[in-house]
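Report on the structure given below.
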Amino acid sequence: MKGEVHHHLEESIRPYIDLIDTLRSVGIQKDLALPTIVVIGDQSSGKSSVLEALSGIALPRGSGIVTRCPLELRLRNVTGGVSWKAVLSYHKKKTEKTTKAVNLNHVATPFQVSNQLSSSASKRPRLSYEEKIIEFEDPSLVEKHVEEAQNELAGKGVKICNDLITLEVRSADVCDLTLIDLPGIARVPVQGQPQDIGKQIKRLIMKFIEKQETINMVVVPCNIDIATTEALKMAQEVDPEGVRTLAILTKPDLVDMGTEKNILAVVQNKVIPLRKGYVMVKCRGQQQIDEKVPLAEATQIERDFFQNHNFFRPLLDENKATIKCLAVKLTQDLVNHIKKSLPKLDEQIKKQLWDVRNELKECEAGPPQDPKGAKQFLIKILTNFNDKIKSLSLGELFNKENMFVQLRTEFKKWNDGLNDTKTSFDSSKDLRQNYRGRELPGFSNYRIFEMILQERVAKLKKPAIESLNSIKDIILKQFTDVSHQCFRNFPALLNTTMNKIENIQSCQQAKTEQRIMDQFEMESMIYTQDPIYLKFLNEISSDTFSEVQLPVLDIKCKYSEMLQAYYEIVVQRMADQLPMLISFYMLKETTQLLCTDMLCILEGANVSELFFEDSDVSKRRNHLQSRLGQINHNVMLDPDETFHIGTISSLNQRFQYAVLWMEETLRKLNEAEEAVVTKEEVIYQLALFSHQLAVIQSLSRQERNLLHPELYTSIIESIKTWDSTAKYSSTDRTYEALCAGKRLMMTPQRERKLVCRYKTGRGNPLMIFKEEVEWDEPTILRYHDFLSEGEINTIKTLARPKLSRAKVIDPVSGKKVSAASRVSKSAWLSEHEDPVISLVNRRIAGVTGLQLQTAEELQIANYGIGGQYEPHYDSKLTNDSDFQLRGGRIATVLIYMSDVDIGGATVFPDVGAALQPKRGTAALWFNLLRNGNEDARTLHAACPVFVGSKWVANKWIRTYGQEFRRKCSTVKSD
């Protein structure tokens, strides 16, 4: 059985179907809607018959609800001896129960607590899905297996189910196409059906037809009033303009006599207009099915029916009748729909990618399974936690609730409270009356002075302790937030950390409270330096006092002023002393104790217990990583990248794909997307590849005008004389070999020189780096853990809004221009934009030992699929406008900010070195010899990115200012 649409698909849209199938094969349809065809109609409208005629597959037929589950029919045309093979698959719901006993008594560790809670949850029934796959090679079994699958999913009878059944058929006699048949719309429930069966079916249909990527094939019998057709009404709701709706009129042999003209008016778009229009078909009837009339013969019977019909004969000339006409129209519509849908996938995929990456950040990477790897992972996350806690205590870690802003607010409240207590003391007369002791008139009692001040100071103890408690809560919350950020997926480790934080904070609070009480005890001593006291007294009193009057300064009429002067000193001391005490003990010392205590976890730790994580977290992480992989491999490309892929396709003699990629490049250029490649270059290649397929006529007149007669002639000649075996230069061959992963010029003697070591910074001996020698001559070094994850994310965030097509310096004009040799996007970041850039520059100065005053700003580059930078030198540039001011590029620091799935290596063709991208590492080499000449061995290139995306940061350091940092040499070879 061979579907009518097969020949047209093979010749016209096979490449487009292949593109969609490629996306579908990696599972992208789980995240994004892909172009497909959906067949809908009322019950017994002839849907399955139309689908059968198009596909050549016999499907269940009959009265009532025949299609009770969505049936996705994937037709795959294959050659090479495969006669006919089908795979039917669906997911069956399965409920698992467990009666495992749970005992929550005598739980010793957080791990056991989590295990017990997990076990408790496992007592509840758990829903899972079991995939059922049935393979068979007999076409007559299709109907049987589909019915059995429907019975298993929806139950025997007439109920429906939303679960999808997929039937994939591989044969040389079918077309490459995906169709979905949906249950027929029921109006009145029959015996055994739920009362809301109609609503259930409509909800199911709406899920499919509302997607803009779907072509809705609405099947309507000719012998009913089209205005009352529910399927057509639903299609109009989601597609009011009829842009993606095609109506198929079935059963024309059952039309009542006298109504033929009315039917013709419908087909001619005069009753309910649809942009895609109508097509009338006559499929096999029940009698023909019983008599086993072949599809090929049924096609001829259909044509004879229309040829001999008095009213419907003109539809043949108008291409609005027969399955064959429907196949042709469907082919054209599907091609156009795929063309329109593909560009929209760009934004959708990028949005999905952004969302999934953000969700994945919440899950983070799980621990390795091997003990050694798990221990290293534990060290890594504990170190990360300590780094964040230290940064928090130093005010370098900023989050939504800035801790130091809150602390300053509390300290200000304390200061404001102190100032409110600075009320004037009693008058001298009141003091003499209220505080006179046994002394005779005219004598003073210093004890009274002390007692009054001590009483006033003692009242500050309560607000001081309240301030301590408030600040403790702020710090505890901040530490708790960091703990959840670092260990949220590991409840046992989080629980352990929280216990440590609370224990340390509790001890530190008691210690701080004691220190505060000691401070108040000291304040009760009533002491300050004489000059300080006199200074405050003179500021308050109308009289002037000096040290020459000492020790006779006791004037009772000035007691209130003397008290006020000393209390002002107390207030100033306490305003600073209390915040300093609390900050030191509650923040700084707590941080030190906590970091030390966290590292103690490594001693005899049961890593498996600490890394116990909720199964839901693990499942979610795996699901998101799977989605990220699917989406990452299908990120839409820019014009230069599509041009590159088209060129590669042509080299593999896949000219039909090369034409598609060039057409996509031309479309992007017409939409004014930025690119290095020009429209003339694309059309040249498009014409060349199209000639191979004899479809050069498909170019528009405007595009063809760009091809001058001489150019067209040269295209034809180039095709005739094109030598696919043309040789590359030795550098090109080495470049390609290194990019292919071959290790050239690597000897055992050289390999022994490639070592790893800890190295102090050349510019700063206090800096310690993990240094690896990647190559000996010239020396190429790699520094591991050069950037943290947070720093990488910050740099990317800063660079994304600035990314534009990468430029190089034109050797003629000296200006920066786009270059075909470099396929990437770049941005420049300066120190004032973010502290992270300044920190990175300090590290670069540390590893190089060079000053950066004349260095270029940090350049961020992003290479997508196909992105590359052909062999080049970073050293002195011709007509470099900055050369006179800053000198040539003495050194290059290349920082990798991403791993790359396939490709993207940095290679040195003349020496055979190759550096694979490794996230967070930095490479260093010197472009100039010590005598100032260019080091010819530093010719390097960025290999094409085949799968994934590559992010790097470049720092080019200039020669001026390095005279005392890197000593010169007069030796020619140095």
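Keep in mind the model is a prediction, meaning the values are calculated, not measured.
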Using a 4.5 Å cut-off on heavy atoms from C-beta on, say whether the side chain of Asn841 contacts that of Glu857. no
Please determine, by modelled atom types, if Thr794 and Glu791 share a side-chain donor-acceptor pair under 3.5 angstrom. no
Are Val907 and Cys943 side-chain neighbours, meaning at least one heavy-atom pair lies under 4.5 Å? yes
Could you go through Glu934 and Arg889, starting from their C-alpha distance and side-chain angles, then the distance that decides it, and tell me whether this counts as salt bridge (charged side-chain N to carboxylate O under 4.0 Å, His left out)? CA-CA 10 Å; Glu934 180 179 82; Arg889 292 171 172 172; over 6 Å; no
Between Leu858 and Asn954, is there a side-chain heavy-atom distance shorter than 4.5 Å? no
Which atom pair, heavy atoms only, marks the closest approach of Phe926 to Thr938? O-CG2, 3.4 Å
Under 4.5 Å between any side-chain heavy atoms of Asn384 and Cys486, yes or no? yes
With side-chain contact (heavy atoms from CB on, under 4.5 Å) as the criterion, how do Leu928 and Asn933 come out once you've worked through the C-alpha distance, each side chain's angles and the decisive distance to 0.1 Å? CA-CA 6 Å; Leu928 301 180; Asn933 292 331; over 6 Å; no
Taking the side chain as every heavy atom from C-beta outward, state whether Ile837 and Leu798 have any atom pair closer than 4.5 Å. yes
Ignoring hydrogens and geometry beyond distance, is a side-chain donor-acceptor pair present between Asn862 and Lys796 at under 3.5 Å? no
Ile844/Leu924 under side-chain contact (heavy atoms from CB on, under 4.5 Å): CA gap, chis, key distance, verdict: CA-CA 9 Å; Ile844 291 173; Leu924 164 66; over 6 Å; no
Donor-acceptor pair, Tyr960 side chain versus Thr854 backbone, under 3.5 Å? no
Minimum heavy-atom separation for Leu850 and Arg966, please, with both atom names. CD2-CB, 4.2 Å
Kindly give the heavy-atom pair with the smallest separation between Leu392 and Phe404, and that separation in Å. O-CE1, 3.3 Å
Residues Lys770 and Asp785 bridged, charged N to O under 4.0 Å: yes
Tell me whether the count of non-hydrogen atoms from other residues, nucleotides or ligands lying under 6.0 Å of CD in Gln853 goes above 12. no
Rounded to the nearest 0.5 Å, what separates atom CG in Leu599 from atom OG1 in Thr383? 6.5 Å
Enumerate, atom names and distances included, each donor-acceptor pair closer than 3.5 Å involving a side-chain atom of residues 892-900, sequence neighbours excluded.
residue, atom, partner, partner atom, Å
Thr892, OG1, Asp874, OD2, 2.9
Thr892, OG1, Asn927, ND2, 2.9
Tyr896, OH, Thr906, OG1, 2.7
Ser898, OG, Ser949, O, 3.3
Ser898, OG, Trp951, N, 2.8
Asp899, OD1, Arg919, N, 2.8

Contact summary for Pro917 and Gly904, nearest pair of heavy atoms: CG-O, 3.1 Å
Angle class for the His940/Trp925 ring planes (parallel below 30°, perpendicular above 60°, tilted otherwise)? perpendicular
Can you tell me how far CZ of Arg937 sits from OH of Tyr873, rounded to the nearest 0.5 angstrom? 11.0 Å
Sidechain N-carboxylate O distance under 4.0 Å for Lys955, Glu856: no
Please tell me if the side chains of Gln859 and Trp956 come closer than 4.5 Å, counting only heavy atoms from C-beta onward. yes
Stepwise side-chain contact (heavy atoms from CB on, under 4.5 Å) check, Tyr783 with Leu781: CA-CA 7 Å; Tyr783 295 92; Leu781 304 172; 3.3 Å; yes
Flag, side chain of Glu771 to backbone of Phe769, donor-acceptor distance under 3.5 Å: no
So, the side chain of Thr591 versus the backbone of Lys390: is there a donor-acceptor pair under 3.5 Å, distance only? no
pair Leu839-Arg842: side-chain heavy atoms closer than 4.5 Å: yes
I need the minimum non-hydrogen distance between Arg965 and Gln851, along with the two atoms involved. NH1-N, 3.6 Å
Test: Glu772 and Arg757 ion pair at under 4.0 Å: no
Evaluate side-chain contact (heavy atoms from CB on, under 4.5 Å) for Trp775 paired with Val911, printing each intermediate quantity in order. CA-CA 9 Å; Trp775 204 255; Val911 298; 3.8 Å; yes
Is there a side-chain contact between Thr678 and Leu669 in this structure, where contact means two heavy atoms from C-beta onward sitting under 4.5 Å apart? no
Between Lys388 and Val482, which heavy-atom pair has the shortest distance, and what is it? CB-CG1, 3.8 Å
Report the C-alpha distance between Thr959 and Gln962 in whole Å, list the side-chain angles of each, state the deciding distance to 0.1 Å, and finish with yes or no for side chain to side chain donor-acceptor pair (under 3.5 Å). CA-CA 6 Å; Thr959 55; Gln962 315 300 347; over 6 Å; no
